[in-house]
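What follows is a short report on a single structure.
Both ligands and their constituent atoms are indexed starting at 1 by order of listing. Numbers here are sequence positions counted from 1. Given the structure is predicted, the values throughout are model-derived calculations rather than measurements.
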Amino acid sequence: MTSRAVQYARYGGPEVLELVEREDPQPGPGQVRLAVRAASVNPADWKLRTGAFTPGAEAPEHPVVPGFDVAGTVDALGEGVTAFGVGDEVLGAASGGAQAEKALADVTALVAKPAALSWEVAGSLATIVATAYRVLERLALSPGQVLLVHGASGGVGVVAAQVALARGITVIGTASERHQDDVRALGATPVVYGDGLVDRVREVTDRVDAVFDAAGKGSLADLVALAGSPDRVITIAHPDAADHGVAFSSGGSVEGSLAEFVGQLEAGTFRAPEVVVYPLEQVAQAQEDNRTGAVSGKLVVTP
Ligand SMILES: NC(=O)c1ccc[n+]([C@@H]2O[C@H](COP(=O)([O-])OP(=O)(O)OC[C@H]3O[C@@H](n4cnc5c(N)ncnc54)[C@H](OP(=O)(O)O)[C@@H]3O)[C@@H](O)[C@H]2O)c1
């Protein structure tokens, strides 16, 4: 059987993306194949596509099918899989590309999709949730401490702010002018990012115990000044991390965090970032809109 997938065979701009018909991928041991219902777009998709990698990461083998986060229906089982059966509705992290009609995933990277969760939201969660929980774990703050989430209006930031608040941590969240109300609605204190950030943050709090840089933009020196020391700052994206002695966090798995976050969504305690949906044919536009910031929210493609 064949199905459609987005792929690129060389580094470049959105023009290198093509929609191809390919043989369905076959699940290996411990994997399932999914009939994809939704797959999200992350900044990593266009960064990898242009050849810009996370420090220390290996270059991908071409052709590359982009996309990490997926939601879909199990349509084939690899050897030894008992956790899920054909027809099960799941979400999580794909192995080897999600922006396609069929995708593979390790069963350990999947959780059951609650019926009330839309396919589009389900397909947008794995990366932002795993990243937010991983960094919060490493920052190890206690209730009553103050966390600055830089980029609290973004995918990772929205999750990080909510999880931290639920743990009794006070959250100051940076965002653009247009997203101040969104950050406030999460329960965090919003501050506009950009020049003068240090003074604006100090107007709303006299202490910052740690900074989660979930934006990777703006002045890392400002974030270090606010935290008081580089070892109280963790970035997931800032290219200047090493120059400032700031730890860069990447990698990790969805195990534990995704099930917990989905449970909180079901319970109505947390809310997911807004999703904006594109058909798979418009994946180049979706990646460009994410790169330029022209469209806010989690961008999702549906086959
Ligand atoms: N290392 C890892 O494991 C890992 C995992 C996931 C993501 N990342 C990286 O983390 C970053 C955020 O990912 P995401 O999916 O959350 O992206 P996103 O949804 O596009 O969010 C980007 C955030 O950055 C803010 N921002 C935009 N321009 C800014 C500026 N000049 N100064 C300060 N903040 C600015 C945005 O605020 P407004 O929208 O209000 O402008 C928004 O809050 C990306 O660079 C991504 O590649 C890394």
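Here is the list of ligand 1 atoms found below 4.0 Å of a heavy atom in Gly151: 43 (O). Near Thr127, meaning under 4.0 Å from one of its heavy atoms, ligand 1 places the atoms 6 (C). Listed by atom number, the atoms of ligand 1 under 4.0 Å from Ser153 heavy atoms are 36 (C), 37 (O), 38 (P), 39 (O), 40 (O), 42 (C), 43 (O). Atoms of ligand 1 found under 4.0 Å from any heavy atom of Arg134 (numbered from 1 in listed order, with element): 2 (C), 3 (O). Using a 4.0 Å cut-off to heavy atoms of His150, the atoms of ligand 1 that qualify are 33 (C). Below 4.0 Å from some heavy atom of Ala214 lie the following atoms of ligand 1, by number and element: 11 (C), 12 (C). Distances below 4.0 Å separate heavy atoms of Ala237 from the following atoms of ligand 1: 9 (C), 10 (O), 11 (C), 45 (O).
When the heavy atoms of His179, Gln180, Lys47 are ranked by distance to atom 47 (O) of ligand 1, first place goes to Lys47. Within the set Ile236, Leu223, Thr235, the minimum heavy-atom distance to atom 10 (O) of ligand 1 is found for Ile236. For atom 24 (O) of ligand 1, the candidate residues are Ser124, Ala215, Ser219; the nearest heavy-atom contact is made by Ala215.
Residue contacts with ligand 1 include Ser249, since one or more of its heavy atoms lies under 4.0 Å from the ligand. Within the structure, the closest approach of Pro43 to ligand 1 falls below 4.0 Å when heavy atoms are considered.
A donor-acceptor pair is defined here as one N or O able to donate and one able to accept, closer than 3.5 Å; no such pair exists between the side chain of Arg271 and the backbone of Leu265. In this structure, Ser153 contributes its side chain and His179 its backbone to no donor-acceptor pair below 3.5 Å. A donor-acceptor contact shorter than 3.5 Å is absent between the side chain of Gln264 and the backbone of Glu260. Arg167 contributes no side-chain N or O that, together with a main-chain N or O of Leu141, makes up a donor-acceptor pair within less than 3.5 Å.
Taking both residues in full, the closest heavy atoms of Ala38 and Trp119 are given as CB-O, 3.3 Å, listed atom of the first, atom of the second, then distance.
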List the atom pairs, donor and acceptor, that lie under 3.5 Å between side-chain atoms in residues 216-224 and the rest of the protein, sequence neighbours left out.
from: Ser219; atom 1: OG; to: Ala221; atom 2: N; distance (Å): 3.3
from: Ser219; atom 1: OG; to: Asp222; atom 2: N; distance (Å): 3.0

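A donor-acceptor contact closer than 3.5 angstrom links the side chains of Asp231 and Ser229. Donor-acceptor pairing under 3.5 Å is lacking for the side chains of Thr50 and Arg291.
Looking at ligand 1, you won't find any N or O of Phe248 less than 3.5 Å from one of its N or O atoms. Checked against a 3.5 angstrom limit, the closest N/O atoms of Gly297 and ligand 1 fall outside it. Among the atoms of Ile128, none of the N or O lies under 3.5 angstrom from an N or O of ligand 1. For a threshold of 3.5 Å applied to N or O pairs, the pair formed by Tyr193 and ligand 1 contains at least one separation below that value. When only interatomic distances are considered, the shortest N/O to N/O separation between Lys298 and ligand 1 does not fall below 3.5 Å. Considering both main-chain and side-chain atoms, Gly155 comes within under 3.5 Å of ligand 1 through a nitrogen or oxygen pair.
Counting heavy atoms closer than 4.0 Å to ligand 1, residue Thr174 contributes nothing at all. At a heavy-atom cutoff of 4.0 Å, ligand 1 is contacted by no atom of Ser296, backbone or side chain. Heavy atoms of Pro273 found under 4.0 angstrom from ligand 1: none, in either backbone or side chain.
Classification of Asp199 and Arg202 as a salt-bridged pair fails, no side-chain N sitting under 4.0 Å from a carboxylate O. By the 4.0 Å N-to-carboxylate-O rule, Arg4 lies close enough to Glu101 to be salt-bridged with it. Between Asp209 and Arg232 there is no salt bridge, since no side-chain nitrogen of the basic residue lies less than 4.0 Å from a carboxylate oxygen of the acidic one.
Counting heavy atoms from C-beta outward, Leu148 and Val201 have side chains that approach closer than 4.5 Å.
For Val90, the side chain to side chain contact (heavy atoms under 4.5 Å, CB included) partners at least two apart in sequence or on another chain are Leu34, Val74, Phe84, Asp88, Leu110.
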